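Keep in mind that what you see is a predicted model, and the values were worked out from it rather than measured. Per chain, numbering begins at 1; letters A, B, ... match sequence-line order.
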Amino acid sequence: MNATAFRVLPAAPEPGAAEHDRALLRTMLLVRRFEERAAEVYQQGKIRGFLHLGVGQEGVAVGAIAALDPEDRVVAAYREHAHALARGVSAAAVMAEMYGKATGCSRGRGGSMHLFDVAHGLYGGNAIVAGGLPLACGLALADRMRKRPHVTVCFFGDGAVAEGVFHESLNLAALWGLPVLFLCENNFYAMGTALERHQAMTDIHRKGDAYGMPHAAVDGMEVLAVEAAVGLAVSRVRETSRPFLLEARTYRFRAHSMYDPELYRSREEVDVWRARDPIGLFSQRLRAAGALDAAGFAAVEEEVAAEVAAAVAAAEAGPWEPVEHLLHDVLAPHAGPGAAA
Amino acid sequence: MNATAFRVLPAAPEPGAAEHDRALLRTMLLVRRFEERAAEVYQQGKIRGFLHLGVGQEGVAVGAIAALDPEDRVVAAYREHAHALARGVSAAAVMAEMYGKATGCSRGRGGSMHLFDVAHGLYGGNAIVAGGLPLACGLALADRMRKRPHVTVCFFGDGAVAEGVFHESLNLAALWGLPVLFLCENNFYAMGTALERHQAMTDIHRKGDAYGMPHAAVDGMEVLAVEAAVGLAVSRVRETSRPFLLEARTYRFRAHSMYDPELYRSREEVDVWRARDPIGLFSQRLRAAGALDAAGFAAVEEEVAAEVAAAVAAAEAGPWEPVEHLLHDVLAPHAGPGAAA
Amino acid sequence: MTRLTYREAVREAIREALVEDDRVFLMGEDVGRYGGAYACSKGLLAEFGPDRIRDTPLSEAAFVGAGIGAAIGGMRPIVEVMTINFSLLALDQIVNNAAAIRHMSGGQVGVPLVIRMATGAGRQVAAQHSHSLEVWYAHVPGIKVLFPATVTDARFMLAAALADPDPVILFEHALLYPLAGEVEEPAGPFDPWHAAVRRAGDDVTLVASGGSLGKTLAAAELLAAEGIAAEVIDLRSLRPLDSDAILRSVAKTHRAVIVDEGWRTCGLAAEIGATIAERALYELDAPIARVCGAEVPVPYAKHLEEAALPNPERIAVAVRDLLDGGHGP
Amino acid sequence: MTRLTYREAVREAIREALVEDDRVFLMGEDVGRYGGAYACSKGLLAEFGPDRIRDTPLSEAAFVGAGIGAAIGGMRPIVEVMTINFSLLALDQIVNNAAAIRHMSGGQVGVPLVIRMATGAGRQVAAQHSHSLEVWYAHVPGIKVLFPATVTDARFMLAAALADPDPVILFEHALLYPLAGEVEEPAGPFDPWHAAVRRAGDDVTLVASGGSLGKTLAAAELLAAEGIAAEVIDLRSLRPLDSDAILRSVAKTHRAVIVDEGWRTCGLAAEIGATIAERALYELDAPIARVCGAEVPVPYAKHLEEAALPNPERIAVAVRDLLDGGHGP
Ligand SMILES: Cc1ncc(C[n+]2csc(CCOP(=O)(O)OP(=O)(O)O)c2C)c(N)n1
Ligand SMILES: Cc1ncc(C[n+]2csc(CCOP(=O)(O)OP(=O)(O)O)c2C)c(N)n1
Ligand SMILES: [Mg+2]
Ligand SMILES: [Mg+2]
């Protein structure tokens, strides 16, 4: 199973595929415009803290999540706007969260790095690099012990691969047969540290061999390839209840966060990757296949623009959590002494 | 490079080899008798705390350390009597340490699990499983930065391989080209947990591939094979200043510690391994090769018995650290406020 | 009343939890085949099978984190970290996931997890195996911390911890396991969250918990022989701390000596001392005093280790000094 | 006198150390190409090269442990842990190796290591990135802990830490980096180990450190306007703690308010409060008071985070309450 094995052409022939492909494009575009807008709002000081944009990486989260069942679980890191939106969390709830409003998906307690929405199977938003991997193992363990058919997909970056808990989690998942898809979003940098300067062996997916875990790599710039790869991997995980390690190769077009002067890479390098923009690539294919015309694209752009504008308006209008509620949700309400103390 | 590639016959032909082989036998026997005696003394309550015996594993430490230069560095775990004795720490200093006497190699502060002797290049004695691996990386980093030719040999068990810091340390050592020989003493159990119940992939040395690190396995019951394998690995590390992962397969004949009822393995399994006692195997070879006759063996036994007896006598006679010195060596003397406070 | 060792009480509590709730399972290093490093789970593998009694690899961060995830996924895991010394390897998971997720998620995600750990020194296992870091856990909002000092608490605190919707750290002092005592069946619902007066007295309040309770009661005996009536308080819950119970006692005795095996500086005794100085200053007829572990990585040698830890005589000395030296202003 | 930002002072201190001692090197995540998460090492890679300015993988346990080993091997490493939040992943190495090896080895092996970490909240980076866990490090025998609150201390504490034969943790509060101030050249040898009176006063002692000093001085200003003369003590060294300096001040003011950004329960302020109650009880004309971080995983929303942290007004309120309420018995 390898990157080239996956369908990268639009599925025009298959019934319903056109709608499906349009939906993929729409979601990627929604993520892109949402993040562009978030960056503007950040400049206005209405969003604060760390803001990590995934511009350029949309194909991975959108393609992967398109291949999941509604009840599958998603654990993400701190660059997870795409994951939340692709999973169906409303743009309004995510934007409100970044504004710190009570209407945010984490009630304003989490911010950009801690998007949660259990109703949509999103278990965060984890800002400790690799901190979500054991959590994913545990969710999968619960599903396995309860004989539930769900798969947990755990997203993490290439930098996370160096953390000890990556090793511990993959060994545990393989040893116990936990239904986890470990999905590494390899964008070739951990902040300013290039892959070859943080990994002695840079073929990340091959680390699966150390745990007897099946693995593959896929071109993360091709949303359909990602969808196909994840589809195969997830069905394999579901059938065998054994984990899988998938490496999606992608690239971060913008800075690591809003504070990053990008001293560590050249404009040229960035431009080479920008030429493989997942939205651009997929649009070309749709156009080439005649699956979507100029008017069709314009319509998608309009829908997305309206959704983002509405999200910002809602966030602006949203209420603040009363400051008297500061200590709420530290412990469960009525959970004995110290509860909401 | 694999287990079978190494010389397992005595080196009788080579000049000086006979003396060398006798020394190997003598050291293994010293370790064996020393530990047997330590167990007796423990029953008398003169040694306390955790006592981990390496009976059955002598071939690994003795064979490996025989292949090192005097200035090479050794980092061991908590089952390290063999490592200390093989490195040349006197039986008296080790026994006194286990008695908790001021004459112990760690002045009675460390006990069995924390044998230190910098003069002999022994940097402990670490009782946090896998806790010594980053330390070994750092020692090797210092040697590399100072352009010193030393190699650091880091001993650890199969259980340590599951710890995250194993993964982090091997990646760091491979990435930075640190002269470390990672030597896994695979005795197939982590306390009561068998290898196949704590490792998803049980060919430990092959985990080196995840870091692009050369690796091999060796029969740890054949002291000459271990010596040869470590000799090759260490010279390769020294020449290339790149780390190496060596797995020595061995077995613990006795309980994990003095408290272990051994519910987790069968007598039969133990007996199969006892048939490959490294001292027995090597003795047979020496006898077969006519390198050592009955009188010769008796002489070795006598020397060793005398050394162990003297060690116990010295430990018995050794002084206690005055209790007023309790806070010594928490900080360096005269190291400003709080020093030996 | 049944008589059990602390170890048996812990085992009974785990057994009961496994029998009563099929969402409960036990995982940790050597809890299965080996029977538990302290034999607390001996026999449970045979009774409940490998699915519910899970031996883990040496991967403290991963299996504690997996316990957190499994709790979120609807299970009621009991995670055994063999000793508090090794829990440092899982501290990130406990602080940044277990304790924080409910708040970070705006109340959506709770973590009904119990983590058991042996703690404490006194067995000559030296610096890396003798930590008493309970205070670090007591510092963290979002978790609760229980420390049974008696066989009865060892028997019943686990069920209360499992019934709690939030993560609970349950400490067990390694020296207590072999000690036997009567199990007092609770009359009503068992309350682990409040301190208990283990001995009543009017002259001085001695505050202790876990492994220090026995030493403190022994000190009270010594003092009684001298006509000094010490009141001994067993904290039981380290987070939340039952400050009111301490203040009630100090209002009666006007003197407090706090006993804790952990290192003195920034230790558990500091919090209690500060609370008294904040809320009961005018009740004090003497300075507060602390009897704690010496500021040294616990040494191996018996005589040195003993010198590093509180003992009844040292506690009694602190009380005598207080009563001699202490005159209300 | 030169004027520098706290960030520039840290960078200058690192530069100087690299120039003066070729055993010194800097390692940590993104200290090289990126220039440091807080730009503290910007330009140093170009000046000193990749052998001495080492970007590490995300492996806190391994690179902190490697720093320990390199120090034992004769180097003088400066290890940067990007933030205290991530230091939990290296805590085992710090507690069980760095702090314990000298003692466990009977004095044979010293660890002349400096570990720098950014700490503190206040930037809306939420629960996993806003910890103030300095108190945990201040609890551990075998290490020392410094916390520069001024540009001058940021400029000179590192050299003192590197000169020390034992491991030193050096905290830098993330909110201080952009603040500018005059660097006062030390007259004699620079002493980082004692507290400093940053403002003299007779009515109340305010104890602070690191990121809390500025807020506390601002509170003293507010109070001065009301005719209350507060003395402000900057701890500077959190381990060892300069208790004598605190007691000297309390002997003069007879009142103490302790400010710390960390969670209140079992926090740094507790140790100082307990020390006063132990050694200066009869000096007190009022209970001690603590102004600390609220007991909550720091929330993201600005208004909630602000409510969770000490600020000048809250400190002033605590002082006023003390002066109103506090009458000697
Ligand atoms: C344990 C830990 N160490 C350090 C950091 C600081 N940090 C935040 S993101 C990051 C880089 C992570 O890179 P990668 O995993 O590749 O994810 P990416 O940012 O590329 O999406 C670092 C070092 C952290 N959040 N957690
Ligand atoms: C981090 C850590 N976790 C748990 C322990 C408890 N423990 C001591 S030895 C041991 C088993 C280690 O097995 P292995 O590494 O194979 O070494 P062996 O005992 O076989 O020599 C365990 C779990 C420990 N000392 N450190
Ligand atoms: Mg990356
Ligand atoms: Mg083993």
With only heavy atoms counted, which part of E60(D) is less than 4.5 Å from chain A, the side chain, the backbone, both or neither? both
For chain D, the option from V165(A), V161(A), I128(A) that forms the most heavy-atom pairs under 4.5 Å: I128(A)
Do the side chain of H198(A) and the main chain of S59(D) share a donor and acceptor less than 3.5 angstrom apart? no
Can you tell me how far OG1 of T193(A) sits from CD of E29(D), rounded to the nearest 0.5 angstrom? 8.0 Å
Options T56(D), L88(D), N85(D), V296(D), ranked by heavy-atom pairs under 4.5 Å with chain A, top entry: V296(D)
Less than 4.5 Å to any heavy atom of chain A: does that hold for the side chain of A308(D), its backbone, both, or neither? both
Any donor and acceptor pair, going by atom type alone, linking the side chain of Y300(D) with main-chain N or O of M98(A) inside 3.5 Å? yes
So, do V129(A) and F86(D) sit near enough that their side-chain heavy atoms are less than 4.5 Å apart? no
Residues in residues 40-49 of chain A that sit under 4.5 Å from chain D, counting heavy atoms only: I47(A), R48(A), G49(A)
Options K302(D), H303(D), K42(D), R123(D), ranked by heavy-atom pairs under 4.5 Å with chain A, top entry: H303(D)
Do N126(A) and Q128(D) come close enough that some side-chain heavy atom pair is under 4.5 Å? yes
Under 4.5 Å from any heavy atom of chain A - which part of A39(D): neither
Looking only at heavy atoms and a cut-off of under 4.5 Å, which of A160(A), A102(A), G110(A) has the most pairs with chain D? G110(A)
Bottom line for M113(A): the part with an atom under 4.5 Å from chain D's heavy atoms is side chain
Shortest non-hydrogen contact from R33(D) toward G192(A): CB-O, 3.9 Å
Below 6.0 angstrom between ring centroids: does that apply to H129(D) and F50(A)? yes
Measure across L263(A) and Y34(D) and return the closest heavy-atom pair with its distance rounded to 0.1 Å. CD1-O, 3.7 Å
Do any pairs count as a side-chain hydrogen bond (donor to acceptor under 3.5 Å, both in side chains) and have a residue in residues 90-102 of chain A, sequence neighbours left out, and if so which ones? Y99(A)-E316(A)
CG of D30(D) to CE of M191(A): how many Å apart, nearest 0.5 Å? 4.5 Å
So do the side chains of L326(A) and P299(D) get within less than 4.5 Å of each other, counting heavy atoms only? yes
Please evaluate residues H325(A) and L304(D) with respect to the criterion side chain to side chain contact (heavy atoms under 4.5 Å, CB included), reporting the C-alpha separation (whole Å), side-chain torsions for both, the decisive distance (0.1 Å), and the verdict. CA-CA 8 Å; H325(A) 293 184; L304(D) 295 176; 5.8 Å; no
